[in-house]
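The structure appears below as C-alpha cells.
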Amino acid sequence: MCDEVHAAPRKEGKFRGSSRGSYSFATPRVMVYILPFKERKQTMKEVRTRFAPSPTGFQHLGGFRTAFFAWLLAKRYGGKFLLRVEDTDQERSVPGAIRFIIEELAWFGIQVDEGPSRAELKSLGEDWDEAPNLGGECGPYIQSLRLPRYKEIAEQLIEKGFAYRCDCTPEMLERERNEQMARKEQPGYSGYCRTRSVGAETKHVVRFKMPQRRALSFNDAIRGRVAWETIPLRDTVILKSDGFPMYHLAVVVDDHDMKISHVLRGIEWLSSTPIHLLLYEALGWEPPVFAHLPVVNGPDGKKLSKRTGAAKSSELRERGFLAEAVLNYVSLIGWAPGEGSDQEIFSREELISKFSLEGINEASGVFDPVKLEWMNGLYIRNLPVEEFISRSKPFLKLAEVDLSHDVFAAIAPHVQERVKVLTEVPPMVDFLCERPLQRQMDAMFQKGVDAAKAKEILARAAQVLEALPEFSITAIDQALRGVASELGLKPGPAFVALRIAVTGKTVTPPLFESFAVLGRDRVLSRIRETIGLIA
RNA sequence: GGCCCCAUCGUCUAGCGGUCUAGGACGCUGGCCUCUCACGCCGGAAACAUGGGUUCGAGUCCCAUUGGGGUCACCA
C-alpha cells in the first residue's frame, strides 16, 4: 500500500515500453519512513544508515550534510548510524584524514553508533589520545582491513560466472582505447578476457560482466523511478590487481554486511547505481533503499572546494561558528519541512522529529555564507549568557585579550547581541584591557565638533564624572547627557569624542555600560590623556 | 559524444490542478527605535526558463527545446 509514495509513477511512461529483459528492483522497505510508529515497529527492520567517506583529505560542508542527513534518518526511526572508512585507494589516502572526520563529527554532535574501533585505527597508524573506540558487530569498519572478504566475494562471482579474471596490461588497454577513438567509437574495455581463462596465479584484475541490452530501474527515495533502457557500461573492474576492491564492490559488500537499510549519498553516484544493483542481483542480496542527495555548490555556483572559504567545517569552528547553527543552516540546503511550514530554525530534536526523505529536494543548492552568518548570530543571541561567556573565552584567549571573568561577564550581554561569529568578540571588548589605545582621533571631529569643542566636551565630562557620588550606569547616563545639552550639542556627536577617548573606537558596546565596567579611574585617566592628544 | 539527474525572487525555499493578483527567510532597500554599532519593529523592490500539449482550469501533469550538472578509470 505505502509502496506508492516512492514508486513515484512519474517516470513510468518512459519505462513501460521496454518489454525485453525489463527488470526492476522492488524496494519494499521504502515504507519504513511513512508508516506510523507503532505499525512500523512490528513490521520493519532496523533503520541503519552510514557515512562512508574516503580519507583523501578534508571533507567539506556538503560531506557533513550527507552525514547529518543519514544520522537524522537513523535517529528519526530509532536506528543506528555507522561510520565506515573507504580507504581502498592507497595512493590517495592521506594520514590524519580519519582523525579529522571523527573529530568533526564529534564537534557537530553527530554520534556514531558503530565505526572503527581503536584497534582498527591503531593498525593504520591512526591513533591519538582522545581517539574514540567505536567498534560494533559488523567490523572492521575500515575497508583496507576487509580485503579477504572482498576477495572471497570476487571469487564467488567468478565461480558463478558473473565475473572473470583479466590480465590485460594498462598498455594494452591504452592501445585499445586509442584505436577505438580513432574509429570514433565509444572508448571502453572490449571484453577481451571474457572468453579467455586467466589463471588465478597470474597477475590480474577481476571484472564484472555487464549485461548489454538490459533494462533496469529502481526507486530512488528522492527522485522516484530512475530507469535505464540499456546498460551503457563496459565490464568494470571490481577487484584491482593489488587485491584491493574497487568502490563498486566494496560498497555493495559492506552495505550488505553491515545491514545498511538506507544509502544516502551524493547524486554523483546515481550513474553507477546500475552496477551496484547488478552486483546485488548477482550476489542474491536485497539492495538497500537508495537516496541520492542534491549537491551543494559554492556561491559561485560551482562545486564546493577548499577555496570556497567557509566550506571547511574546521575553519568554521575556528572562525567562531556554532555547530548547532551550522547544522541548522546546512540542513536547509536541499531540505525543508514542507507541509506549508515556514519554520527554519530547528533544534536538533526538532530536526530529528521533522526530518524525512520526502522533504529533500531534487535540485542542487548553493551554500550562502551570508545567511549562515545571520543564522549564527541568531544562535549566539539565543545562547544563555553564561554559555555565551564560556564559549567566548577560548577566542579571547587566542586573541590575547586578557579579562577577568567578572569584567567580561559584565559587558557580555551587550556584546552578545552584536556579533555574528565568536571571533568578533575580542576586538569588541579589548578596550577593557590595560593595553595602550590606538585612537581613531580623526573620527572625533565632525558635526560641529572641532578640536576646541572636543577638548571642551572631554574636560567637562571628566569634571562631571569625577564628581559623581556613584559611578553607576544611570548616573553616568544623566551626567553625560547633561554635559551634552550644556554645551548645546546633541548626544550623538557629543558622545563620539568620549567614545573615542575612552575606547579608541567609533563602534563599541553602549557607552555608559562600557564606562561603568571600565571603572571611574581608568575612564578619567583616558579622557585626560586624550585631551593632551588634541592639538 | 552516449547515458542519467535537475530547472519558482540574486540565494535557500513553500507550493503536491482551482484558495497563486505565487507565501516565508537571507541579502538589498525606505522608515521607526537610538549615545555608535547591533538587536527589534513596520513597509518596498525582486521569481514560476521557453514552446507545445492534457484539462473547464497548470507554477503544479505530459512532451520537446534551451540551459545547468553528473557519469562513462586497476579514483572514490
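Chain identifiers are assigned alphabetically (A, B, ...) following the order of the sequence lines, protein sequences preceding nucleic acid strands; residue numbering begins at 1 within each chain.
- The side chain of A/Ala336 lies closest to B/A14 when the candidates are B/C26, B/G2, B/A14.
- Contacts of A/Glu513 classified as side-chain hydrogen bond (donor to acceptor under 3.5 Å, both in side chains), with partners at least two apart in sequence or in another chain: none.
- In this structure, of B/U13, B/G70, B/G24, it is B/G70 that holds the atom nearest to the side chain of A/Ser271.
- Looking at which nucleotide of RNA chain B each of A/Met428 and A/Gly340 is closest to, the 5′-most match is held by A/Gly340.
- Taking the side chain of A/Lys420 as heavy atoms from C-beta on, and the options B/C39, B/G24, B/A76, the nearest nucleotide is B/C39.
- The nearest whole Å value for the distance from the CD atom in A/Glu86 to the C1' atom in B/A76 is 8 Å.
- Comparing B/G15 with B/G40, their P atoms are spaced 27 Å from each other, to the whole Å.
- Between B/C35, B/C72, B/A76, one nucleotide has an atom nearer to the side chain of A/Thr88 than all others, and that is B/A76.
- With distances taken from any side-chain atom of A/Arg92 to the nucleotides B/C75, B/C3, B/U13, the minimum falls on B/C75.
- Residue A/Ile275 contributes atom CD1, which lies 9 Å from atom C1' of B/C72 at whole-angstrom precision.
- Below 30°, between 30° and 60°, or above 60°: for A/Trp228 and A/Phe218 the angle between ring planes is below 30°, a parallel geometry.
- B/G67 and B/U55: their C1' atoms are spaced 29 Å apart (whole Å).
- For A/Tyr247, the side chain to side chain contact (heavy atoms under 4.5 Å, CB included) partners two or more places apart in sequence, or in a different chain, are A/Glu86, A/Val251, A/Arg265, A/Trp269, A/His276.
- B/G2: Watson-Crick or G-U partner is B/U71, with both key distances under 3.5 Å.
- Remark: B/A38 base-pairs with no nucleotide; criterion is Watson-Crick or G-U wobble with both hydrogen-bond distances under 3.5 Å.
- Looking at which nucleotide of RNA chain B each of A/Pro170 and A/Gly365 is closest to, the 5′-most match is held by A/Gly365.
- A donor-acceptor contact under 3.5 angstrom links the side chains of A/Thr530 and A/Arg439, judged on distance only.
- Rounded to whole Å, the distance from OH on A/Tyr329 to C1' on B/C26 is 8 Å.
- For the P atoms, the distance from B/A46 to B/G23 is 11 Å, rounded to whole Å.
- In this structure, the nucleotide among B/U13, B/C12, B/C6 sitting nearest to the side chain of A/Asn361 is B/U13.
- Between B/C12 and B/G2, the two C1' atoms lie 34 Å apart (nearest whole Å).
- The closest side-chain donor-acceptor pair between A/Tyr141 and A/Asp254, if any, does not fall under 3.5 angstrom.
- A/Asn297 has its CG atom 9 Å from the P atom of B/C12, to the nearest Å.
- With A/Thr508 as the fixed residue, the side-chain hydrogen bond (donor to acceptor under 3.5 Å, both in side chains) test singles out one of A/His414, A/Arg499, A/Arg418: A/Arg499.
- When the nucleotides B/C35, B/G27, B/C4 are ranked by their closest atom to the side chain of A/Arg499, B/C35 comes out on top.
- Here the C1' atom of nucleotide B/C3 and the CE atom of A/Met210 are 12 Å apart, to the nearest Å.
- The side chain of A/Asp368 lies closest to B/C26 when the candidates are B/U36, B/C26, B/C4.
- The side chain of A/Lys371 sits closest to B/A25 out of B/C4, B/C74, B/A25.
- For A/Arg381, taking side-chain heavy atoms from C-beta onward, the closest of the listed nucleotides B/A73, B/G40, B/C12 is B/G40.
- As a whole-Å value, the separation of A/Asn376 CG from B/A38 P is 17 Å.
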